[in-house]
Amino acid sequence: MDTIITRFPPSPTGYLHIGGARTALFNWLYARQKGGKFVLRIEDTDEARSTKESVDAIFESLEWLGIDWDEGPYFQTQRYDIYRDYINKLVESGHAYYCDCTPEEVEAMREEARATGKKPMYNGKCRELNKKPNSGSKDGKSTNMVVRIKAPKMGSTVVDDVVKGSTAFPNSEIDDFIIQRSDGSPMYNLAVVIDDITMNINTIIRGDDHLVNTPKQIIIYNALEASLPLFAHVPMVLGSDKARLSKRHGAMSVSEYKDMGFLPDAMLNYLVRLGWSHGDQEFFTRQELIEKFSLEHIGRSPSMFDMDKLTALNAKHIQSKSPSELAPIFLSNLHKIGITPQTESNLETNSEPKLNKNLDNGLGLNLEKIIETLQPRSKTMVEMAEASKFYFQETIEFDESAAKKFLKPDMVDPLKRSIEYIKAIALADFSEKNLEDVFKKVMEETNLKFGKIAQPLRVALTGSTVSPGIFEMMLALGKDRTVQRIERAVGYIEIE
RNA sequence: GGUCCCAUCGUCUAGCGGUCAGGACGCUGGCCUCUCACGCCGGAAGCUCGGGUUCGAUUCCCGAUGGGAUCACCA
């Protein structure tokens, strides 16, 4: 078998959206699994709608997802000479012809066809006229004539597809479609085929909205006597109302999911499961995906995008990562809500950033431990950042009803004892085990159950009644901060 | 409308003639527990309909219905 070469050819008329990302992912996974090549090509022949911003946004989203390419990016607008050569060949070999019918004339043909109950299409007026393209051509490129393919009139064109099977399209449905505009620029179907041929693309995985123009492309392949690639048409991703996914279904662009705190790996995992399966397995690492992906197990029916499931999967991926892997993402989400803890790198000005290392704002805050305490209770990185706020507050604000309920005079004694014993722990021995011992002692002396003292402690430490476990928080906060916060709560009770 | 694709719990799906139709999300009962989560155990919930083929159809064929895609000098 030859080297597998796949491609992803977005048109830069907007951001990379969910459906496009999935198509890119399938092509990328397949190439990676087969040790093949993945080519990126920008289809910008619609110069009116293509923008540089879109190109950049697409690159950025692919990069975020970790989808890298081996060749390209190619830009179709830089390949017009190549298309022109092929178009000329097609005309010379009699597979295509010049046509000077005006858009109005063509529209009239369509009207006529509609009136007689037939399919509206070009009637082939110039098909056998052998027109030459010289009228009004100043630059030798624009001709005032379009070039049309000489499509077969009889029989049918068959598309063999790995996921859809074999489908026959009646040639009577296909008219002599334009392959070159009157300004000399190529039309989509032509450019795609020429690119795929010249880039040696042998495996085409794309949305099944392309299935219906595959016969048109096959006609061009045949006219050029080129061998056909393997086609795999993947069903569409629909919105929650079963309509094609669009803006009104909420977030469409990949970058929005980044902003919402989703992990790239979770995104990949979710996207790949939308239309592909591997038995009952739901959770996949990037590496597993590359190993297990297969064209054979792509489903044939369209699927709906489900935010809840993505979120659940994201939670699982957050749990499965190490704190150090999460640290840079966590920090950038913290930054977005206005919290920028000092790090090793900006404490020592000329050291390289070491975001994966433990961080310390000078008071014993331990970044990786903070993350660890939040991992099992964060569905997104945005949630994690939000939930971590209390760690970074110099003076924590007590939630009013929480303080009223738990910071009461009868807690002063147990809290003071706690402070005393925590203080007695040597800095090097500040561990979960020793903290447990401390509170065992406090509980014995005060004859209280831990449940009785836990909530007051929680309010003292965080200001709220909902938080990670007491001991793990203390470790993340560090000994000094822990003591300070409990002392402050005691002071608060005594003043009230 | 023509052409084409598709059809298992609400959703994503496993299933490739004989299964108590399996898993996941969501929903829900419980357990665990220092709160909230996590985790664990359990529950409700599905083969669109009608014809065939077959000893036997969720599975194969045909039709209906429903949903989707596409019919440009857009990609």
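Just so we're on the same page: letters track the sequence lines, and every chain starts at 1.
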Identify the pairs formed between an N or O of the protein and an N or O of nucleotides 19-24 of chain B at a distance under 3.5 Å, and give each distance.
from, atom 1, to, atom 2, distance (Å)
B:G22, N2, A:Asp280, OD1, 2.7
B:G23, N2, A:Glu282, OE2, 2.6
B:A24, O4', A:Glu282, OE2, 3.4
B:A24, N3, A:Lys309, NZ, 3.0

Provide a list of protein-nucleic acid N or O atom pairs under 3.5 angstrom, restricted to nucleotides 34-37 of chain B.
from, atom 1, to, atom 2, distance (Å)
B:C34, O2', A:Arg458, NH2, 3.2
B:C34, O2, A:Arg458, NH2, 2.4
B:C34, N3, A:Ile470, N, 3.3
B:U35, O4', A:Gln455, OE1, 3.2
B:U35, O2', A:Thr465, O, 3.2
B:U35, N1, A:Arg458, NH2, 3.3
B:U35, O2, A:Thr465, O, 3.3
B:U35, O2, A:Ser467, N, 2.8
B:U35, O2, A:Ser467, O, 3.1
B:U35, N3, A:Arg458, NH1, 2.9
B:U35, N3, A:Ser467, O, 2.4
B:U35, O4, A:Ser467, O, 3.4
B:U35, O4, A:Pro468, O, 3.4
B:U35, O4, A:Gly469, N, 3.2
B:C36, O2, A:Arg377, NH1, 2.7
B:C36, N3, A:Arg377, NH1, 2.3
B:A37, O2', A:Pro376, O, 2.8

Kindly give the atom pairs (protein nitrogen or oxygen, nucleotide nitrogen or oxygen) under 3.5 Å for nucleotides 1-3 of chain B.
from, atom 1, to, atom 2, distance (Å)
B:G2, O2', A:Glu173, OE2, 2.8
B:G2, N2, A:Lys119, NZ, 3.2
B:U3, O4', A:Glu173, OE1, 3.4

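Rounded to an integer number of Å, the gap from CE of A:Met307 to C1' of B:G10 is 18 Å.
Here the nucleotide nearest the side chain of A:His297, chosen from B:C25, B:A75, B:G15, is B:G15. Counting only heavy atoms from C-beta on, A:Lys164 has its side chain closest to B:C6 among B:C12, B:C6, B:A75. Taking only side-chain atoms of A:Ile178, from C-beta outward, the nucleotide of B:U13, B:A75, B:C73 with the closest atom is B:C73. Each of B:C6, B:G26, B:A72 was ranked by its minimum atom distance to the side chain of A:Pro302; first place goes to B:C6.
Residue A:Arg110 is in sugar-phosphate contact alone, with no base atom involved, counting any heavy-atom pair closer than 4.0 Å across all strands shown. At a threshold of 4.0 angstrom between heavy atoms, the contacts of A:Asn213 include nucleobase atoms, whether or not backbone atoms are also involved. Using a 4.0 Å heavy-atom criterion, one finds that A:Ser50 contacts no nucleic acid atom at all. Residue-level contact check: A:Gly275 touches the backbone only, with heavy atoms under 4.0 Å from sugar-phosphate atoms and none from bases. Using a 4.0 Å heavy-atom distance criterion, A:Gln319 is classed as a sugar-phosphate-only contact. Note on A:Arg49: a base of the nucleic acid sits closer than 4.0 angstrom, heavy atoms only.
Residues passing the side-chain hydrogen bond (donor to acceptor under 3.5 Å, both in side chains) test with A:Asn333: none are found, sequence neighbours excluded. When the side chain to side chain contact (heavy atoms under 4.5 Å, CB included) test is applied to A:Lys408, the partners found at least two apart in sequence or on another chain are A:Asp410. Every residue was checked against the side-chain hydrogen bond (donor to acceptor under 3.5 Å, both in side chains) condition with A:Lys216, not counting sequence neighbours, and none meets it. Under the side-chain hydrogen bond (donor to acceptor under 3.5 Å, both in side chains) criterion, A:Asn123 pairs with no residue, sequence neighbours left out. Residues satisfying the side chain to side chain contact (heavy atoms under 4.5 Å, CB included) test with A:Asn222, not counting sequence neighbours, are A:Ile218. The salt bridge (Lys or Arg N to Asp or Glu O under 4.0 Å) search around A:Asp308 returns none, not counting sequence neighbours. Looking at residues two or more places apart in sequence or on another chain, you find a ring-ring contact (aromatic ring centres under 6.0 Å, His included) between A:Tyr492 and A:Phe398. Residues forming a side-chain hydrogen bond (donor to acceptor under 3.5 Å, both in side chains) with A:His95 (at least two apart in sequence, or on another chain): none.
Salt bridge annotation for A:Lys441-A:Asp437: absent, with no cationic side-chain nitrogen under 4.0 angstrom from a carboxylate oxygen. Between A:Glu372 and A:Lys369 there is no salt bridge, since no side-chain nitrogen of the basic residue lies less than 4.0 Å from a carboxylate oxygen of the acidic one.
Scanning atom types as modelled, one donor and one acceptor separated by under 3.5 angstrom connect the side chain of A:Ser182 and the base of B:C73.
Pairing partner, B:A69: B:U3, with both Watson-Crick or wobble hydrogen-bond distances short of 3.5 Å. The nucleotide B:U19 finds no pairing partner, because no Watson-Crick or G-U wobble arrangement with both distances shorter than 3.5 Å includes it. Of all nucleotides present, only B:G52 satisfies the Watson-Crick or G-U wobble test against B:C60, with each distance under 3.5 Å. Pairing for B:A14 is absent, judged as Watson-Crick or G-U wobble with the two contacts each under 3.5 Å. With a cut-off of 3.5 Å on both Watson-Crick or G-U wobble distances, the partner of B:C40 is given as B:G30.
Residue pairs meeting the salt bridge (Lys or Arg N to Asp or Glu O under 4.0 Å) criterion with at least one member in residues 452-470 of chain A: none, sequence neighbours excluded.
For B:G67, neither phosphate oxygen OP1 nor OP2 lies less than 4.0 angstrom from any side-chain nitrogen or oxygen of A:Ser301.
Between the side chain of A:Thr198 and the main chain of A:Asp195, a donor-acceptor pair closer than 3.5 Å is present.
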